[in-house]
Amino acid sequence: MRVHRTSAASLREAAAALLVGVLWLAPAVATAQVHHYSSVTDARLLNPEPQNWLMYRGNYAGWGYSPLDQITTQNARKLTPVWTLGTGVAEGHESPPMVNNGVMFVSTPQNQVLALDAKNGDVLWYYKKDLPDDLLQLHPTNRGVGLYEDKVYLATVDAHLVALDAKTGRVVWDKVVEDYHKGYYCTLAPLIVRGKVMVGTSGGELAIRGFVQAFDARTGDTLWRTYTVPAPGEPGSDTWQGDDWKNGGGSVWIQGTYDPQLNLAFWGVGNAGPWAGDFHTGDNLYTSSVIALDPDSGALKAYHQYHWNDSWDWDEVTPPMLIDVQRSGRPIKGLVHPGRNGYLWVLERGADKISFVDAKAYVRQNAFTSVDPATGRPSYDAEHKPVRGRLVDFCPSLWGGKDWPPAAYNPRTKLVYIPSNDNHCGSLKSKQEEPTKPGQLYLGVEVKDIGLSVYPGSKTIGRLQAWDPNKMERVWAQDFVSHSFGPVLTTGGGLVFQGGTNDRFFRAFDAKNGQMLWEFRTNSGVTAVPMSYMVDGVQYVAVQSGWGVDAERMQGALIAAGYQAKNYGKDVPIPQGGVLWVFAVGK
Amino acid sequence: MDNNVAGRCACFARTLERRAALKVCLGIALGLHFVRPAGVAAVDPKDERPQDGDRLVFADGERAGHVITSADLPLGGPRAMAFPMAPATRLVRDGSRLNKVLVVHLDPGTLAEETQARAADGIVAYSAICTHQGCEAMAWDDVRKTFWCPCHDSKYDPRDNGRVVAGPAPRRLAALPLKVVDGVLAVAGAFSGPVGGQTH
């Protein structure tokens, strides 16, 4: 990668700089662009080079794993910042930078994208979506761009999909995914498979009907849309009553995973809408499920519902990781999912079937009484399933055992690393009725009664856990006083990286035993996905720090619940404002 | 519109208006005729912000569309959700959610000076759109006499010019001045500031 300037451009820059300087005393506008950009081909997405991070979790299997091994358990304590970049916006920074042979692309809240020289942090181009004034942003964030060929794809909070020229940042096309006035908005990183850019939408609290939609990567034309809630007459529609399906939720707001052998994309589907299960009696397929879609046609080939008739706001929107596991000596092509419902799920994937293998609670959970060993269908404790007319408590709270922050899998340790929150319980009281107005808050519960409590005697909430998916055993855990919204990265150097706590630290752990090896205090809370890359023989670890969205909301609820712990206080908020941090081992 | 700003210097918080102005200026300076200011599109009257003299009508509930009178607003709350209505044509300006207004009747003696000046017999009105991220589900806290946005837990004091008293909201709610015309509640002027959530 090189940055190149043309003389004509320089002339225009000079004029522009003069005007800009006179008008706003702002720095000069320079024209810089990326030359020798490496096209992101299908082959490269199938086998990403170790030095790059070409998609949300680094590979189609959703591992959050970098094979790079220059930073190790031996030298991690020497990690030091190499360069930083202020993003200029507040709210929850959740996206990983993507790196393609020395060019970095990072997205932020309010739908900015920056192209940077990954080695030194030079800004190569900058884009910001022109967002409408009347936009409602229930979750003001973005979880990353998609890369394909010579374009960068951004799914926006006003429910557009925008294709940018990777070399210049110019808009190639801009397509409406859905009408944001009706509650649809996009926060996920697009999943791109063989020229098809797939996205879903958020809006589970705004009376939407969820879907996955594919666009042609070159033209932006819509290729297919598959709803996560079936219409009457479609398979699964018998799990809904009346018109409930029309606003049945089933949002899709985290990038799916992809199995090239089966040619199936696995998507996690959010909870049924509204939150209160009384409003949508039935099992409510395919909400709180994993669905397997053929990326060529959008056809739904298989599914597994983790829990039926969701009544707890337990989105199961994180897709399963594709992991080979052993069960009773038999190798299984597994789907491994630490659920928001507090259970770790192991499923077996096939061309037209997803089979239940095992499930085990990994946090305190009192809503399930059992899980059917043949089907995986849970039975519920009626005392802990919210219903109309009375306040019902349940564990974990609506933020779940693991919210959206992704877990990771390290093929060297063969462990799954789960960014969990434990010892917290919630309460909800269903309303008798609630008018449905697409685009307006539609929860089905009394807002004033939404509660959070800490299990008596508990002194910790956040818990980074390592699990062996073969034995279904916890191998180690690290507990934090703070709750945690920290996505996980694991590396070939035997490390696990995570932030997520309200004390602003970003940390490295020994992947084998959980020993903390290094920590660094950033500007704000780290709720973004960490990643690793290499340029000119140097390995870097990069992460954005910028507190907000549900990390902030849960913090407020814990304060209201009287959870007194270090760094908590009504008058001392966690500072906001995003900074991208890039670390390397110091000399 | 392509909002790309190539270069090392990106001023990330730059406003759209500034960027549009930048394009115009650059076009003039460089003789690029293809860069021109966008024309001003006609605004649908239903989208127009509240006008002086507009009445207020209930935005929801059984009496949606009915004109709100002082008698409809109990002293001390709760708040009503309203849209402005042009009195001559009876056109309700509900084309934009940014026109949604909170109306509440408070003890005039408890109002701050600036709020008193905008109130009509203790009735005050504010934009119903949370200044944080644009939610409009503004609830009423009858104990503290504050507006409460459950989306992200921001709270505003209607007695003190819509001041933020809790939560992440970055600025106060825009106030809508009121008056009484022939015994009927009416809008007395424009919003006191911008309405809507943050987009940059």
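Labels below follow one simple rule: chain letters A, B, ... track the order of the sequence lines, proteins then strands, and each chain is numbered from 1. All values below come from the heavy atoms of this structure, side chains included, with hydrogens, waters and symmetry mates left out.
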Open item on the list: Under a plain distance cut-off of 3.5 Å, with no hydrogens placed, do B/E136 and A/Q440 share a side-chain donor-acceptor pair?
Closed with: yes

- [ ] Verify the neighbour count for atom CZ of B/R144: are there more than 12 heavy atoms of other residues, nucleotides or ligands below 6.0 Å?
- [x] no

Open item on the list: Quick check on A/P435 against chain B: is it the side chain, the backbone, both or neither that has a heavy atom closer than 4.5 Å?
Closed with: neither

Task: Rounded distance (nearest 0.5 Å) linking atom CD1 of B/I129 with atom CG of A/D133 - done: 11.5 Å

Task: Nearest heavy atoms of A/K437 and B/D60, plus distance in Å - done: NZ-CB, 3.8 Å

Open item on the list: Tell me if the NZ atom of B/K179 is crowded by more than 12 foreign heavy atoms within 6.0 Å.
Closed with: yes

Task: Which portion of A/L138 sits near chain B, non-hydrogen atoms under 4.5 angstrom - done: both

Task: Minimum-distance pair of heavy atoms, taken over all atoms of A/Q137 and B/Q198 - done: NE2-O, 3.3 Å

TODO: With a 4.5 Å cut-off on heavy-atom pairs, point out which of B/P150, B/C151, B/G167 contacts chain A the most.
DONE: B/C151

Task: A/L441 side, atom CG; B/M138 side, atom CE - distance, nearest 0.5 Å - done: 12.0 Å

- [ ] Identify which part of A/Q576 has an atom lying under 4.5 Å from any heavy atom of chain B, answering side chain, backbone, both or neither.
- [x] neither

Task: A/E91 and B/H132 side chains, donor-acceptor separation under 3.5 Å - done: yes

TODO: Measure the CG-CD1 distance between B/D153 and A/I450 for me, rounded to the nearest 0.5 Å.
DONE: 10.0 Å

TODO: Check A/L136 against B/R97 and note the closest heavy-atom contact, atom names and distance.
DONE: CD1-NH2, 3.4 Å

